[in-house]
Every structure is written in structure tokens, then in C-alpha cells.
2 protein chains.
Amino acid sequence: MMKNTPRREDGLSRERIIEESIALLDSSGESGLTFRALAERLATGAGAIYWHVANKGDLLTAACDAIVARTLLAAPVADAAPQEVIRALALGLFDAIDAHPWVGPALTRAPLQMPMVRILERLGQQVRAMGVAEAGQFAAASALLSYIVGVSVQNAANAQMGRALGGDRTAILGEVASAWSALDADEYPFTRSIAAQFPQHDDRADFLAGIELILRGIAR
Amino acid sequence: MMKNTPRREDGLSRERIIEESIALLDSSGESGLTFRALAERLATGAGAIYWHVANKGDLLTAACDAIVARTLLAAPVADAAPQEVIRALALGLFDAIDAHPWVGPALTRAPLQMPMVRILERLGQQVRAMGVAEAGQFAAASALLSYIVGVSVQNAANAQMGRALGGDRTAILGEVASAWSALDADEYPFTRSIAAQFPQHDDRADFLAGIELILRGIAR
DNA sequence: ACCTGAACACCGTTCAAGT
DNA sequence: ACCTGAACACCGTTCAAGT
């Protein structure tokens, strides 16, 4: 009666398909995930994949969920202060999405589903541990969730565009800065004034600064 | 020597192409924007569009920028307190992205480009007006930017999934709530505890609450 | 300078047919 | 129960040829 008996060592399975999808997404980006390319890697026909997976969206969400689950597993469950755990969770997700840029869009396309719920749960537990009143817990946890996912997705998009444009990070930041400096002086005073400091800024540090802002706001 | 002399009233132009793209995106979603469908609406051939637009990504970014520019134009420039202006900008963008859900992904795919810069500028001006020290202005403005765009994108994705699933908002929220209630009690205590209150929550209000959190953090 | 439309090289998905 | 692979209905993009 065991349901999970694999019939062949090398038989197709949802897990194998998801693993190969992740490999493909990591090496060739979102446009690299193709049923034909996947079928070739799995030494099978394109149609076979549909026996284990509903469609491409389902596959992408499943791959995304696998990354999120692993990331949260690696984060500390521990005895640290709730604020400390939230910082660790936030940084873990930031780095994971940076390492797997395709996770960003995938997360956005699967709103109230499993990957998001996993994150919400972990954040919510810590918000509760911070002693936030019952009525405010959802708002606090979802503000953190939105900020973490939002910033991470944007950061990954930046990095990906950088890679697409040739790779030299400092050169690209320099180009952005000089494009900003060339904007109209009357219409874009703020952007012009920060253009110079932009190439030196640290995305990770800014991200953490935002977390700090929100944590401070939650703690009143 | 006038550069902008249109040769025919009904001639193709970047502006006309962008307007029709927006109409197409609004009525049929992101998958509805097709060079063939667009060519039909414009009574021209698919290839003609490439004379005015580099590629599909360029077109999507331009359509997105048009929406963002209009939204910011409609927002108050006024004599109100900076916090008040930030709230108004935030809500305006939230509502615009809700009304044009395709703007979310489009914004994300055009990181440090024009649409984002427009928003950053407006927020930055207000952050400066709040009296934030020079060194902290970029971090504060970009935290606001990330939060606003991140939450709006997710909210629009939710709404869009709702529409795709049949439209009945309360029914869908109810289903999400009952799916959350059915999660494992040991692994998902937080999610289960908020499941009941979830269908009554107000996305817009939660969004504003998060803005308040960040503003409070910025003001120290 | 601008437009036409056929052609190219792809996609995701389905489905009869096999084992 | 699971896999095969051809076929279908699309895509974005290019490009010779026209005006």
C-alpha cells in the first residue's frame, strides 16, 4: 500500500522535473525554461512532463516553492530575539532571490499560495513573539512580507539587467548615475542630487535599513 | 525645420501605438498585447510597429511609463504636509496599478528606468521636505519606493488572480481562508490564527498602515 | 522615411498511439 | 499508469520589397 514506491530509479517524477527546472532556470533564466529543453535534459518527450505537472505556471510555482522552502529551512529557528530572527529571514530571502532571480516574478505570480504562506508564517510567528497586539499582527506581518519580497524582487531585477547588459557592475552603476545627472534640473532635483552617491550605495545595507525602519515602526 | 510635423492625421506614431497598447493591455491583460492584435487595431502590418518601437519590452515599458506619468500628474503638488503628500502619492499609485494590473510586472522589468525614476523623484522631494538628513534621504526614499511598488504589484496580482478564477471576491477570500485553516496545526499556527480575520481585511487600509509604519520610522 | 506581409524560428499544449 | 512525438495554434522578430 505504499504510495511512494518509485518504479524505476530513473523514472520521471515531479521532484526530478522540478530539480531540472531549477537547474535550467538558474543557468539560462526564465526564458530558458522550455518544455522542449526540459524534455531533452530529462531524456523524454515534451508531453511526458504534463503527466506530472499541470502546466508551465504550476511548474514555475513549484520550483519557486522549493527554493523558498529550502531558504527558510536554512534560517535559524532559534532562541534569538524576534527582531534578530526577522533580520535573518529577510537577509536569507534577499540573498536567495538574488541567487535565483527568476524566483521574484514567480513569487509575484503566485500570490496567496504556498511559497508566500511559508514566509508569512515565519514572519508572523516572530511578530507575535515581539508582543504585538492580536489585532495588529496581520498588518505588521504583511507589511514585512510585502517589503521583503518587493525589495528583493527589484534588487534581483536590477542584477539581472546588469548581467544582460554585460556584467560590469560598477560601469553600469556609473551609467545610471550619469543618466540621472543629465535629467532636467527643475524637474528632477532630488534624483540629480543623489546620482553621485548612488554608485557607492549598498543594496543589502539599504534593504536592512528599510527593515529597521519597519521594525522600529512596529515596536512603536 | 519642425521635427514634429505629422504627415497624416491617421499615420502611425509612437504615441498612437502606446495608446492602443494600453487599451489592449487593459482589456485583455498582458497576454493580450500581441504585435498581431496591435497591428489589427492600428490597421497596419505587424512589421510596421517596429519602425516606432524597438521591441515588445520597450513597448511595455513605454505603456507603463505613460500610466505612471499620468498618475503622478494627477497627484497633488501642493502645500500639504510632506507626509500627507507621500500618502496621496502612495494611494494614487496603488489605485493606478490596481486599475492597470499589467503595470506591476512592467515596472519590475524596468528597474532603474524612467517610470521608477519619476516615482523616486516625487518621494525624494517629500522626504527632503520632511527634514531627513542628507545621508539618509536616499535610503528613506528608496524604502518608500520599494514598499509602495512591492505591495501594489502584489495587490494587483491578487486581484488579477481573482478575476481569472471567476470574479467573486468574497468567495475567493473565503476559499483562501479555509485553505489556510486546513494547514498543519504545528507548522502553521500563525497563518491558521489569522485565517478567520483574513476575508474581512482591507488591502488598501493595510497598505496605508505599512506606509504609516515606515513614515514613523523615518521621522524617528 | 515609412509601411507591407510573408517567412523564420521558435513557443505551450494536446492527444492518439504505444508500453 | 505512464510515456512518446507529431501536430496545432500560436508567438516575436526580420527583411526584401514596395511607396
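Naming: A, B, ... by sequence-line order, numbering from 1 per chain. Please read all numbers here as calculations on a predicted model, not as lab measurements.
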Measure from the ring center of B/Phe207 to the ring center of B/Phe94 and say whether it is less than 6.0 Å. yes
Considering the options A/Val149, A/Leu107, A/Leu72, which one meets the side-chain contact (heavy atoms from CB on, under 4.5 Å) requirement together with A/Pro115? A/Leu107
Is B/His52 near enough to C/dA1 that one of its side-chain N or O atoms lies under 4.0 angstrom from OP1 or OP2? no
Starting at CG of B/Leu12 and ending at C1' of D/dT19, how long is that distance when rounded to a whole Å? 15 Å
Given salt bridge (charged side-chain N to carboxylate O under 4.0 Å, His left out), test B/Arg169 with B/Asp203 step by step and report yes or no. CA-CA 13 Å; B/Arg169 181 184 148 81; B/Asp203 300 280; 3.6 Å; yes
Would you mind checking if A/Asp65 and A/Arg118 are paired as a salt bridge, meaning a charged N to carboxylate O distance below 4.0 Å? yes
Dot-bracket for DNA chain D, 5' to 3', counting Watson-Crick or G-U wobble pairs under 3.5 Å, with [ ] for crossing pairs and | for inter-strand pairs? ||.|||||...|||||.||
Under a 4.0 Å threshold between the charged nitrogen and the carboxylate oxygen, would A/Arg109 count as salt-bridged to A/Glu30? yes
Answer yes or no: are there more than 12 heavy-atom neighbours, outside B/Glu40 itself, under 6.0 Å from its atom CD? no
Between B/Glu19 and B/Arg70 (salt bridge meaning N to carboxylate O under 4.0 Å), is one present in this structure? yes
Using atom CH2 of B/Trp51 as one end and atom P of D/dC15 as the other, report the distance to the nearest whole Å. 14 Å
Indicate every side-chain donor-acceptor pair of residues 150-160 of chain B with a distance under 3.5 Å to a residue at least two apart or in another chain.
from     : atom 1 : to       : atom 2 : distance (Å)
B/Ser152 : OG     : B/Ile148 : O      : 2.7
B/Asn155 : ND2    : B/Asp98  : OD1    : 3.2

Quick tally for nucleotides 7-14 of chain D: nucleotides whose base has a protein heavy atom under 4.0 Å get B, sugar-phosphate-only ones S, the rest -, giving ----BBBB
Atom CD1 of B/Ile17 to atom C1' of C/dC2: distance rounded to whole Å? 11 Å
